[in-house]
Amino acid sequence: MNRVRCLVLNAALGPLDYRVPDGMEVEPGSVVECPLGPRTVIGIVWEAERLPGTEVPAEKLRPLRDVLPVPPLSAPLRRLIEWTADYYVASMAGVARMALSSGGALKGPATMTEYRLTGGMPERLTPQRLAAMEALEGEQANIRELAGLAGVSEGVLRGLVNQGVLEPVEVDCDRPYDEARPDFAHVELSPQQAEASATFAEAVRKGEFAPFLLDGVTGSGKTETYFEPVAEALRMGRQVLVLLPEIALTENFLHRFEERFGAAPVLWHSSLKSTERRRAYRAVASGSAQVVVGARSALFLPFRKLGLIVVDEAHEVSFKQEDGVRYNARDVAVMRAHFEKVPVVLASATPALESLQMAESGIYTKIDLPSRFGGAELPAIDTIDLTQEKPPHGMWLAQRLVDGIEERLARGEQSLLFLNRRGYAPLTLCRNCGFRFQCPNCSAWLVEHRFSRRLACHHCGHETPSPNACPECGEPDCLVACGPGVERIADEVAERLPDARVFVATSDTLNSPGKAAEFIALVGAGEIDVIVGTQLVTKGFHFPELTLVGVVDADLGLEGGDLRAGERTYQQVAQVAGRAGRGSKPGEVLIQTRHPEASVIAALAAGDRDAFYSAETEGRRHAGAPPFGRWAAIIISSEDDAEAREAANRLGAFRPQVDDCQILGPAPAPMALLRGRYRYRFLINSRRSVQLQDVIRGWLRQVDHPPGVRVAVDVDPYSFV
Ligand SMILES: [Zn+2]
Ligand SMILES: [Zn+2]
């Protein structure tokens, strides 16, 4: 083969053909450097018959520059890239970029310089030097990281290097990870767990595609159950991918993993340092990374010999990517398992309706864990009707809920208050002139964060210090906070129960694995009485002394009115309720609501999951919504409102007429302005029989847009803003 077709990592370019110079060896999947004009772009050698392009005469072909020192992308991964691009109406280049997600890793083996203490003393011992030497005992890292650890400038450490107190060490960037051992610890499983894990392990041994839905109540020990098939894959020398929704909060998971396997898994998430990223990537590609625990982007890593995929908390909304290639990691995970011919386990206490439907139709095998591990009881759930039991003026917690917290305080137990709203108040306005603080870049109010004394937009990150006077009328001390956020609830608890030690747990306070670990340790040590948290605290935590969960406003999630509002509310409340009474002490859940009669709330209070799911299923069937019908959104955006509107109207003029397919719009999107871009939206609803992607592709192809206009396609959307 002396000519090859390449998928180049530039969405604006189609496939390109190149000549393979003498002596160069390539095969499908090889990662290569392709000349493009005066530049070089990265490309992947692809099967020409799967990637139609224009034939270039042999004499015009330019030679490939080089083959990069990484293993070729496997055929199953190439099929996954094709499928993802096709299904989500995305460019193959955009998907392929996710599979080549570490630039450093593509450059091949390398070393880096780290430093460590020698035990020597400097000629002059300043207080700073002494502090640094104490802080760096047992540490080894590069100068910048050490400076961070020691809290001194890099200059101080360079001085210590010159004095021979710190010495350089050459480190292999690809140094191997500690070995996870399948038989490191024996775990006692309940008969239910043992049966489920035996089924999974058998599927791993068979090495065939087999999708499972592990449907287990909160506290039933789903993690331990899927650890056994993980062990089985390790025994067979195969790799495992475990996807988790919130990688910053995996502390508890990592702890259990290490206890079971005697080593930490390989982590993959967006806040990895580039050196960690390249190390993990290369270990995955070489097959030496045994178990990878990652966020959704780990799905596209180039595993060499995958044996099992697990998606934990598979119902989580954060598995849906909302920019770039808008894919749902839960669904792509099933497709990866399909192409790799391995089992996949979707684990959840509150499965997505789509997953339940797949089980019902016999495509997924459903495995139930209906009771809690170790005989713990599910918590008792009750509602507080806020129209009857009104909180005191200017407050948000009903007396019964505060009494419940007080009882726990007296008994030395813990309480959790759940409100999915960061900050102090979602809206700030002027009492004098009515001015409201709005984000200049988004159709959104600025959220007051009182701890950090700023107003912030949760959509674009815009921030401004909280002013003392109204910027409109100049009146001082006239700004009022409207509605509660978690910080305001924490203030209220502190005011009504002055002895309680309160902690606000949100992505603002638990923004790193270190902070999360600190928080877990504090709760574990009984140094926190009341946790006030957002959805971040709804999952994964296991605190035996936590016996009361209060849902501050169960109606909040229902207000948006989007397709999954009911399901999401059910999942969030059921998950947070599942934090209560996980140890030997029984748990209680109090749900504050203005609509105790709403079907979601009633089902939660009655503990009647089946009633909720069957009502929801009927509602969706009636509305032609997923999984019974299909939705897609097309968002047209530009920094210029008129340009965006014109582009949307132009596209609208070409709307296709297809049976069983309804196209709504264009209309200003609910977030008509987001991150400085004006947005117009089409919504498409069709029957399952319609080839929706073909319809969309054919439609979009007919219209060209000016360079400032962006067109985003969202197949199976989760967010309708
Ligand atoms: Zn004012
Ligand atoms: Zn904004």
Side-chain angles (χ1 to χ4, degrees), residues 217-221 249 251-252 255-256 349 371-384 389 391 395-420 484 486-506 509-510 516-554 572-592 604-605 607:
V217 298
T218 56
S220 59
L249 289 175
E251 207 54 36
N252 178 35
H255 179 71
R256 283 148 88 179
S371 53
R372 283 192 156 180
F373 183 75
E377 292 288 322
L378 281 167
I381 301 181
D382 200 2
T383 50
I384 294 179
E389 300 181 49
M395 305 220 176
W396 314 95
L397 304 176
Q399 192 57 43
R400 181 145 60 103
L401 180 52
V402 175
D403 291 345
I405 301 172
E406 196 167 16
E407 275 170 41
R408 268 51 183 206
L409 272 177
R411 293 207 295 262
E413 296 170 9
Q414 294 162 323
S415 306
L416 165 64
L417 292 175
F418 168 67
L419 176 65
N420 208 13
V486 281
E487 292 178 3
R488 195 168 197 179
I489 297 299
D491 273 7
E492 182 178 333
V493 174
E495 192 182 326
R496 296 172 74 176
L497 300 168
D499 294 336
R501 294 162 299 176
V502 186
F503 188 95
V504 174
T506 69
T509 57
L510 304 181
E518 225 171 275
F519 162 67
I520 289 166
L522 283 174
V523 181
E527 289 176 30
I528 294 172
D529 302 311
V530 183
I531 304 164
V532 185
T534 56
Q535 48 86 25
L536 213 59
V537 296
T538 59
K539 58 204 160 235
F541 292 114
H542 180 81
F543 298 129
E545 294 300 320
L546 194 130
T547 56
L548 174 67
V549 166
V551 177
V552 176
D553 185 352
Q572 270 183 355
V573 175
Q575 290 283 343
V576 73
R579 299 311 111 203
R582 294 172 73 96
S584 53
K585 296 171 186 162
E588 183 185 7
V589 179
L590 293 171
I591 302 174
Q592 296 198 138
L604 282 162

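Positions are given from 1 along the sequence. Only this structure's heavy atoms are used, side chains among them; waters, hydrogens and symmetry mates stay out.
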When you look at I405 and L497, which way does the side-chain contact (heavy atoms from CB on, under 4.5 Å) test go after all the steps? CA-CA 9 Å; I405 301 172; L497 300 168; 3.5 Å; yes
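- The shortest heavy-atom contact between Q572 and N420 is NE2-ND2, 3.1 Å.
- Under the 4.0 Å criterion applied to side-chain N and carboxylate O atoms, R400 and E389 are assigned as salt-bridge partners.
- Annotation for A500 and V530: closest pair CB-CG2, 4.1 Å, computed over non-hydrogen atoms.
- For the pair A398 and I384, the tightest heavy-atom approach, listed with the atom from each and the gap, is CB-CG2, 3.7 Å.
- R408 pairs with exactly one of E588, Q414, E545 by the side-chain hydrogen bond (donor to acceptor under 3.5 Å, both in side chains) rule, that one being E588.
- Taking both residues in full, the closest heavy atoms of V502 and A490 are given as CG1-CB, 3.8 Å, listed atom of the first, atom of the second, then distance.
- Within the 4.5 Å cutoff, side-chain heavy atoms of R579 are placed close to those of T218.
- Put simply, the side chain of D529 never gets that close to the backbone of L409: no donor and acceptor are under 3.5 Å apart.
- A donor-acceptor contact shorter than 3.5 Å links the side chain of Q592 to the backbone of W396.
- Not a single donor-acceptor pair under 3.5 Å links the side chain of T547 to the backbone N or O of G587.
- Defined by atom type and a distance below 3.5 Å, a donor-acceptor pair is present between the side-chain atoms of R496 and Q399.
- In terms of heavy-atom proximity, I531 sits nearest to A505 at CG2-CB, 4.0 Å.
- Classification of E406 and R411 as a salt-bridged pair fails, no side-chain N sitting under 4.0 Å from a carboxylate O.
- A 4.5 Å side-chain heavy-atom check between R372 and R582 finds at least one atom pair inside the cut-off.
- Residues L536 and T538 fail the side-chain proximity criterion, which asks for heavy atoms closer than 4.5 Å.
- The closest side-chain heavy-atom distance from V532 to F418 is not below 4.5 Å.
- Residues L401 and L397 approach most closely at CD2-CD2, 4.0 Å, considering heavy atoms.
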